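The structure under discussion appears below in the form of structure tokens.
Quantities reported herein were computed from a predicted structural model and do not represent experimental measurements. Each ligand, and each atom within it, is numbered from 1 in the order the structure gives. Starting from 1, each residue takes its place in the sequence as its number.
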Amino acid sequence: MPNTLDKSYVQNGPWRDGVFQGKVVFVTGGAGTICRVQAEAMVLLGAKAAIIGRNVEKTKKAAAEIAELGDSADCVLGIGGVDVREVADMKRAVEQTVAAFGRIDYVIAGAAGNFLADMTNLSSRAFKTVLDIDLVGSYNTVKATLSELAKNKGAVLFVSATLHYTGTPLQAHVSAAKAGVDALSNVLAVELGPLGIRCNCIAPGLIGGTEGVDRLSGGLPVTDAVKKIPLQRPGLTKDIADGTVYLFSPAASYTTGTILVVDGGAWHLGNLM
Ligand code: HXC
């Protein structure tokens, strides 16, 4: 390979029309704010998508709306009634996706649960519940899709966070879970790399208008927190979609085992809230 570029560099770039044509993305938490926009970006660039969620109606509605961005009404499948904690549910969701679309190339492990609770009010069951959804659910998601990923030399994107980089009060459960997600991603990048499977994390910071921020702020305005962000604005769901497209695209074909932090530089300061 010559160490120079030509015009094909742009023509083959991450945001070219149809870059994900013929590919299928499997998205847990895909009816939620952030993962939904990740799915929208993939569909706009040609992918078919399976939107996986616990709530049947919410999942079906999100899938139908995302499909309006794609090539055809059936380019997005909503699979509701699926709990990432349940191995049998995940197996069924994968079978339904493969039956509908024939394959799975990309996986977004985004399903998460969170609430504010200090150690006094955090029961053992509550702690375990969040570990089960965020960490064990991410493991179950990769486990269930592994044979498809291996067959298609696919890629996984875990949706992590930044709150475990420092000690974020009231977030012991999520911090422990997301630290585990980062570790899981790193190990799988090494283990699955030889199979041609890439594994990365995206770590959103304060992303405006999301359920996560609502929960962390207790529904209060985040104006003071935003003033502390080095880039002086809240993140947009589009910022996360952009990172997602890059990490799944051929432009990231040599990138695995990394964490893309998309937070306006905020984590360097510690807690914003
Ligand atoms: C203390 C709480 C609590 C709270 C629930 N629990 N809410 N404890 N404070 N606010 C406790 C319950 O009392 C119970 O413990 C245990 O948690 C399990 O609760 P269940 O309701 O039985 O669990 P379940 O129905 O499975 O619900 C899971 C959930 C819920 C996580 C608790 O909030 C949920 O389903 N969330 C999904 C949507 C969500 O959270 N989205 C946010 C994504 S944003 P006991 O001991 O009483 O039995 C996100 C961003 C993270 O995750 C990163 C941010 C930057």
**OP:** Begin with the C-alpha distance, continue with both residues' side-chain angles, and end with the deciding distance and a verdict on side-chain contact (heavy atoms from CB on, under 4.5 Å) for Leu131 and Val136.
**Re:** CA-CA 6 Å; Leu131 265 285; Val136 182; 5.6 Å; no
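- When only non-hydrogen protein atoms are considered, atom 9 (N) of ligand 1 lies nearest to Phe115 CD1, 3.5 Å.
- Protein heavy atom in closest approach to atom 46 (O) of ligand 1: Ser123 OG, 2.6 Å.
- For atom 43 (C) of ligand 1, the nearest protein heavy atom (residue, atom name, distance) is Ala112 O, 3.7 Å.
- Atom 25 (O) of ligand 1 has its closest protein heavy atom at Arg54 NH1, 4.0 Å.
- Counting protein heavy atoms only, atom 16 (C) of ligand 1 is closest to Ala126 CA, 3.5 Å.
- Classification of Glu86 and Lys91 as a salt-bridged pair fails, no side-chain N sitting under 4.0 Å from a carboxylate O.
- For atom 20 (P) of ligand 1, the nearest protein heavy atom is 4.0 Å or more away.
- Using bins of under 30°, 30° to 60° and over 60° for the plane-to-plane angle, the ring pair Phe115/His173 lands in the tilted bin.
- Among the atoms of Arg125, some N or O lies under 3.5 angstrom from an N or O of ligand 1.
- The nearest heavy-atom contact from the protein to atom 49 (C) of ligand 1 is Asn114 CB, 3.8 Å.
- Looking at ligand 1, you won't find any N or O of Thr129 less than 3.5 Å from one of its N or O atoms.
- Protein heavy atom in closest approach to atom 44 (S) of ligand 1: Gly212 CA, 3.5 Å.
- For atom 30 (C) of ligand 1, the nearest protein heavy atom lies 4.0 Å or farther away.
- The heavy atom nearest to atom 42 (C) of ligand 1, considering only Lys128, Arg215, Arg85, His173, is found in Arg215.
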